[in-house]
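Here's the structure, in structure tokens; my notes come after.
Lettering of chains follows the sequences in order, A, B, ..., and the numbering in each one begins at 1.
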There are 2 protein chains.
Amino acid sequence: MIDKLDFLLALARECHFGRAADACGVTQPTLSAGIKQLEETLGVLLVNRGSRFRSFTPEGERVLDWARRIVGDARALREDINALRHGLTGRLRIAAIPTALAMVASLTTPFRARHPNVQFTILSRTSIEVLAELDNLEIDAGITYLDNEPLGRVNTVPLYPERYRLLTSTGAPLGERTSVTWAEVAQVPLCLLTPDMQNRRIINRLLNRTGAESRPMLESDSMIVLFSHVRTGKWASVMPAKLAETLGLTQTLRAIPIVEPDEVHTIGLVIPQREPMTPLTAALVAEAQRLAPALSD
Amino acid sequence: MIDKLDFLLALARECHFGRAADACGVTQPTLSAGIKQLEETLGVLLVNRGSRFRSFTPEGERVLDWARRIVGDARALREDINALRHGLTGRLRIAAIPTALAMVASLTTPFRARHPNVQFTILSRTSIEVLAELDNLEIDAGITYLDNEPLGRVNTVPLYPERYRLLTSTGAPLGERTSVTWAEVAQVPLCLLTPDMQNRRIINRLLNRTGAESRPMLESDSMIVLFSHVRTGKWASVMPAKLAETLGLTQTLRAIPIVEPDEVHTIGLVIPQREPMTPLTAALVAEAQRLAPALSD
DNA sequence: TTGTTTGATTGATTTAGCCTATTGAAAATG
DNA sequence: CATTTTCAATAGGCTAAATCAATCAAACAA
């Protein structure tokens, strides 16, 4: 039963019988049969199929809701008992938005000191993807904006406020200033994240509000790309203060506060709303709560 | 997996491999193998066995906690999908304390008018048993005291206040009074519930507080027995006002308010703390909430 | 048309689940 | 203390379920 519900979750992720089967480590006929068996025992069609996967029926969506709970709890059970036997072990899968990726180290490092046998998988994702994968049990926790889009059935731990800086070099336009306005930033050619990232959407909104047209000269989904371009001294970017500090400023590389408005967004840990938490998640939350005071400006 | 967890729940109820197997509709070796398989996949001993069932290990207790959740959710899933297909069907298992048994009809009757295809099982239980069986998923809901013993992980819906009456006949001692004190009641030979019932413990406490020795001449675990004795005109009892009214008073059979103190306890519906509720439970809660205003004095 | 993708189908094989019957050990009983 | 009873584990055998590799059919795309 639980494995069949797991099949359904995989199908929801992949929208493709073959790939879902691969993800579950079974062959496609096995997964097909599993789904069909679910449909038979429940007496309803769960998946709208043509000659390929189309969508879930309303009943299918409902079953998915339960499947998330049940499969999640079954995993939590194993993890819980494992923790009783061997202390905290296993793998924590964390997805973070690109602008938060650099701060993950300040969460994982003290965590690892406390629990040396826990392995990590850190993924770079958009804020949308973070929430979707949290729902699908693909990740254990996310790090994303807490105050922008609706979050869904999750618990949150605030970590730090995201404030914006113009990252540029002395000698470049605005490079000598102690603060700049968004209107001024809008005049500078920028390297920014791609528009599917919420950080970019926030920056776009702030830039557009000034009336000026924003002119991103370079887009990337990787903060490394943006930062390495700025380090050449020939490019500028807008990024969160915390990130700029973490990546390292130099005498010529400056992070200039952007005002009018001095907008702030809260970044935090997001975990599934499950009671009780899995031991790994609980430990991560504890670590986040320890870390938060040190990060809040 | 889920069936194995169900085996474990049955074992927790019965504390006996053979009876647990019966309860699950399998033979004892099958259940034994199921438990053993659970122990192997989790890698821990769950049950302390001598030559017979002794107890659960701490890990076993933990697994039981999860099993209650997971098995409960799996049932809720089926019920939920069933409700989508055929409307509300199935069986609601309700356990009530004896003094609340008569009022169950005022809950089930309007419920059945709304949902004609739902079947009921109504059980008479002590307040302790109600909570235990709620935990073990043996019943869907309980009706018991909300304000006395610690309730555990449940949600509650208050139904009505329980006030105490001396049930006796005109002509008997105190039979003509419009109110009596607990001290006076203590002097009368009474028919009362057995001491494992919380109602009896409450009455005992109130009687003892007067300093007098209470003298129950007849004990039973059935309100029918108590009431039918009182109806002969030769016996008296203490019972909740609501119950006396429901069973029917006559010109000679009187329910006299007992004061000093005029103690009140709240009776209510108790359901497992599960989010979301099963459709049947949700409907029952809705019915209880509709009913409560009419019952509150 | 022809090749590709995708999910259903088929048939063989392995695995898991369950039962009956039995055993062994501990409790209960006389 | 001997005997009986109770209880859970074990053994052996059967059946149903699960899974896989291979194939098929429908829908698209080129």
Query raised in the report: Is a side-chain donor-acceptor pair under 3.5 Å present for B/T121 with B/R91?
Result: yes

Report task. Check the distance between C/dG7's P and A/L31's CG and give it to me in whole angstrom. Result -> 10 Å

Report task. Write down the distance between CD (A/E40) and C1' (C/dA8), rounded to a whole number of angstrom. Result -> 13 Å

Report summary line: Whole-Å distance, A/I2 CD1 to C/dA16 P, equals 16 Å

Report summary line: Separation of D/dA9 atom P from B/N48 atom CG, nearest Å, is 12 Å

Report task. Using atom CD of B/E39 as one end and atom C1' of D/dA8 as the other, report the distance to the nearest whole Å. Result -> 13 Å

Query - Phosphate contact (D/dC20 OP1 or OP2) by A/T27 side-chain N/O below 4.0 Å - result: yes

Query raised in the report: Under a 4.0 Å heavy-atom cut-off, which of residues 6-23 of chain B touch DNA chain D?
Result: B/H16, B/F17, B/G18

Query raised in the report: Do B/L84 and A/R62 touch side chain to side chain, with heavy atoms closer than 4.5 Å?
Result: yes

Query raised in the report: Side-chain donor-acceptor pair under 3.5 Å between B/W66 and A/D73, yes or no?
Result: no

Report task. Please collect all side chain to side chain donor-acceptor pair (under 3.5 Å) contacts where either partner lies in residues 16-28 of chain A, sequence neighbours excluded, each pair once. Result -> A/T27-A/T30, A/Q28-A/S32

Requested in this report: Flag yes if more than 12 heavy atoms outside A/R13 fall under 6.0 Å of its CZ atom; otherwise flag no.
Outcome: yes

Query raised in the report: Looking at B/E133 and B/R125, does any basic side-chain N land under 4.0 Å from a carboxylate oxygen?
Result: yes

Query - DNA chain D: 5'-proximal contact among A/P29 and A/K4 (nearest heavy atom) - result: A/K4

Query raised in the report: Can you check the A/D3 CG to C/dA16 C1' distance for me, whole Å?
Result: 12 Å

Query raised in the report: How close or far is atom C1' of C/dG17 from atom CD1 of B/I35, stated in whole angstroms?
Result: 15 Å

Requested in this report: Please state whether the phosphate of D/dA8, meaning OP1 or OP2, lies under 4.0 angstrom from any side-chain nitrogen or oxygen of B/S32.
Outcome: no

Could you go over nucleotides 25-30 of chain D and give all protein N or O partners under 3.5 Å, atom names and distances?
residue, atom, partner, partner atom, Å
D/dA27, O4', A/S51, OG, 3.3

Report task. Report, as yes or no, whether the 6.0 Å neighbourhood of atom CZ on B/R274 holds more than 12 heavy atoms from other residues, nucleotides or ligands. Result -> yes

Report task. Inspect the contact between B/K4 and B/E40 and indicate whether a charged nitrogen and a carboxylate oxygen are less than 4.0 angstrom apart. Result -> no

Query raised in the report: What integer distance in Å separates B/F53:CZ from C/dA27:C1'?
Result: 17 Å

Query raised in the report: Below 4.5 Å, heavy atoms only, C-beta onward: do A/R68 and A/L134 meet side chain to side chain?
Result: no

Query raised in the report: D/dT19 phosphate, OP1 or OP2: any side-chain N/O from A/Q28 under 4.0 angstrom?
Result: no

Query raised in the report: Closer than 4.0 Å, any side-chain N/O of B/T30 to the OP1 or OP2 of C/dC19?
Result: yes

Query raised in the report: OP1 or OP2 of D/dA8 sitting under 4.0 Å from any side-chain N/O of B/K36?
Result: no

